[in-house]
Amino acid sequence: MPRCWLFKSEPDAFSIDDLAACPKKTSGWDGVRNYQARNLLRDEVKKGDVVIFYHSSVRPPAAVGVAEVVKSGYPDRSDGSTESDPPRWFQVDLRYRAHLPEPVTLEAMRSKKALENLLLLRKGNRLSILPVENKEFQAIIRAGGLDPAKFLS
DNA sequence: GCCAACGTTGGC
DNA sequence: GCCAACGTTGGC
């Protein structure tokens, strides 16, 4: 069973539509400059895992789609570092899977019993990459109008 | 190692 | 634009 994650993105910078428009619908998820998130990208997020794509800093903030990890963590050189430098930041590659027919807003997530422990809803949470429980993933995808089983094979 | 100052995130 | 809640930096 793949693990489930939630990746935040400001759609003005990189949206789910941008991902869907990439060649092979695939893009490197670079630019993460937070050590906790870096550790997840380096050590935990694996090829085959599923990702809820979340739009932040827009109204309303919402889960808008699903992606899959097609490449596990590897060095992110978007800071200008080179092969010879020890890697400081890491990225994974994501491939677009689907839009949620009904985006699931932050407010809607707060109102769901199945999501009461969702890390995204924790006060003060600022991590841009969050682990999501399998049942939480299912609840969000179902609320968004899709069958979660389609992504959990 | 402490902690004040500063920067960033992100909902509202 | 505001501001709470962080994370980071750097002087000591």
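To find a chain, count down the sequence lines: A is the first, B the second, and so on, and within it residues start at 1. The figures here come from the full heavy-atom set of this structure, side chains too, leaving out hydrogens, waters and symmetry mates.
- For the residue pair A:Trp5/A:Asp49, the side-chain donor-acceptor check at 3.5 Å is satisfied.
- Comment: A:Glu116 engages A:Lys113 in a salt bridge, judged by a side-chain N to carboxylate O separation of less than 4.0 angstrom.
- Applying the side-chain contact (heavy atoms from CB on, under 4.5 Å) rule to A:Ser81 yields the partners A:Arg77, A:Asp79, A:Asp85; only residues at least two apart in sequence or on another chain are considered.
- Ring to ring, A:Trp29 and A:Phe90 are not that close: their centroids are 6.0 angstrom or more apart.
- With sequence neighbours left out, A:Asp76 forms a side-chain hydrogen bond (donor to acceptor under 3.5 Å, both in side chains) with A:Arg33, A:Ser78.
- For A:Lys123 and C:dA4, the shortest distance from a side-chain N or O to OP1 or OP2 is not below 4.0 Å.
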Under 3.5 Å between N/O atoms: give me all the protein pairs with nucleotides 9-12 of chain B, atom names plus distance.
from	atom 1	to	atom 2	distance (Å)
B:dG10	OP1	A:Lys8	NZ	2.8
B:dG10	OP1	A:Arg126	O	3.1
B:dG11	OP1	A:Tyr54	OH	2.7
B:dG11	OP2	A:Ser57	N	2.9

